[in-house]
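Small disclaimer: the values here were computed from a predicted structure and weren't measured. Side-chain atoms are counted along with the backbone in the values below, which use heavy atoms only and exclude waters and symmetry mates.
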Amino acid sequence: MNDVTFKLPPGETPARFTIDEFMEFVASDVFKGGEKLELVDGVIVSMSPAQSTHMLLQRQVFRALDAIFGDGRDDYVAHFELTLQFGKATLRDADVAVVKLFDTSVRFPDPATVLLIVEISQSTLEKDLNSKRLDYAGAGIPHYWVVDPNGRRVHIMSTITDGDYAERRLAAFGEAIAVPGSDETIAIG
């Protein structure tokens, strides 16, 4: 995701909202521009439009994971643009995720049901490798990949220890990457 964070004048603090308040805004059509938004620690963050490289890589990753976790599987499914709730004040949108089949009567799937999240970081590498990484690891999401089209590599993280990913490695675009929860590999890029 590409985010646009607005700078406040010195000494001013942003308004903070709960997820319920944010969802009331969405339901009442307060945000009429159709823009993509996330709620991060109670602050509404506007996401900039995805660029073509981002969209192409996101679709490639989703298709590859959907081919693995699609028809015939009764444990996991691949999702495109999955919104996850972290506590009472954070909603994050993952570009692609592999999730256990979940009760669709819940508003957002529990992060504990997520096996893998993949973020495409065309312009958000620092955020994805830092704040999102800590949110995902803190929620117990066992596998996290960050696709870096500018560096033509994939950051692969797993094994959570003390709220962070202890195992990290880089894979070059085109390199086979083992897909957790399967015996398959995919190549990105």
Run the side chain to side chain donor-acceptor pair (under 3.5 Å) test against [X] and tell me which residues pass, sequence neighbours left out.
X: Asp74; answer: none
X: Thr83; answer: Asp93
X: Arg152; answer: none

I'd like a table of donor-acceptor pairs (distance under 3.5 Å, sequence neighbours excluded) in which one partner is a side-chain atom from residues 178-189, with atom names and distances.
| unit_1 | atom_1 | unit_2 | atom_2 | d |
| --- | --- | --- | --- | --- |
| Ser182 | OG | Val179 | O | 2.9 |
| Ser182 | OG | Glu184 | N | 3.1 |

Quick one: does [X]'s side chain get under 4.5 Å of [Y]'s, heavy atoms only?
X: Val99; Y: Tyr76; result: no
X: Asp135; Y: Leu84; result: no
X: Tyr165; Y: Ile156; result: no
X: Val147; Y: Arg153; result: no

Before giving the answer on side chain to side chain contact (heavy atoms under 4.5 Å, CB included), spell out for Val96 and Leu65 the whole-Å C-alpha distance, their side-chain angles and the decisive distance to 0.1 Å.
CA-CA 9 Å; Val96 179; Leu65 292 173; 3.8 Å; yes
Do Asp128 and Ser121 meet the criterion of a side-chain donor-acceptor pair at a distance under 3.5 Å?
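Side chains of Asp128 and Ser121: pair found under 3.5 Å.
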Decide whether Tyr144 and Glu119 meet the rule of one side-chain donor and one side-chain acceptor closer than 3.5 Å.
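No, no side-chain donor-acceptor contact under 3.5 Å.
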May I have the step-by-step check of side chain to side chain contact (heavy atoms under 4.5 Å, CB included) for Leu125 and Val146, ending in yes or no?
CA-CA 8 Å; Leu125 188 61; Val146 177; 3.8 Å; yes
Residues which pass ring pair (Phe, Tyr, Trp, His ring centres under 6.0 Å) with Phe173, listed by chain and number, not counting sequence neighbours
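Residues passing ring pair (Phe, Tyr, Trp, His ring centres under 6.0 Å) with Phe173: none at all.
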Sequence neighbours excluded, which residues qualify as ring pair (Phe, Tyr, Trp, His ring centres under 6.0 Å) partners of Phe69?
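Listed in chain order: nothing, the list is empty.
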Test of understanding: with salt bridge (charged side-chain N to carboxylate O under 4.0 Å, His left out), list the residues that count as partners of Arg73, not counting sequence neighbours.
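Counting only residues at least two positions away or on another chain, Arg73 forms a salt bridge (charged side-chain N to carboxylate O under 4.0 Å, His left out) with Asp75.
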Indicate the ring-plane relationship of Tyr136 and Phe86, choosing parallel, tilted or perpendicular according to the 30° and 60° boundaries.
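Geometry flag for Phe86 against Tyr136: tilted rings.
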How many angstroms lie between [atom1] in [X] and [atom2] in [Y], if you round to the nearest 0.5 Å?
X: Lys100; Y: Asp110; atom1: NZ; atom2: CG; value: 9.5 Å
X: Arg59; Y: Arg63; atom1: CZ; atom2: CZ; value: 4.0 Å
X: Ile160; Y: Ile141; atom1: CD1; atom2: CD1; value: 7.5 Å

Met157 and Trp145: CA distance, side-chain angles, deciding distance, side chain to side chain contact (heavy atoms under 4.5 Å, CB included) verdict
CA-CA 6 Å; Met157 294 166 257; Trp145 299 354; over 6 Å; no
The test is side chain to side chain contact (heavy atoms under 4.5 Å, CB included); show your working for Val114 and Val98 and say whether it passes.
CA-CA 6 Å; Val114 179; Val98 174; over 6 Å; no
For Asn130, side-chain contact (heavy atoms from CB on, under 4.5 Å) partners two or more places apart
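In terms of side-chain contact (heavy atoms from CB on, under 4.5 Å), with neighbours along the sequence ignored, Asn130 is linked to Glu126, Arg133.
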Pro142: partners by side-chain contact (heavy atoms from CB on, under 4.5 Å), with sequence neighbours left out:
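Leu115.
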Can you list every pair that meets side chain to side chain donor-acceptor pair (under 3.5 Å) and has a residue in residues 166-181, with sequence neighbours left out?
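As it turns out, the side chain to side chain donor-acceptor pair (under 3.5 Å) pairs with a partner in residues 166-181, which skip direct neighbours, are Thr159-Glu167, Asp164-Arg168, Arg169-Glu175.
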Side-chain donor/acceptor of Gln58 to backbone N/O of Asp95, under 3.5 Å
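Yes, Gln58 side chain to Asp95 backbone: donor-acceptor pair under 3.5 Å.
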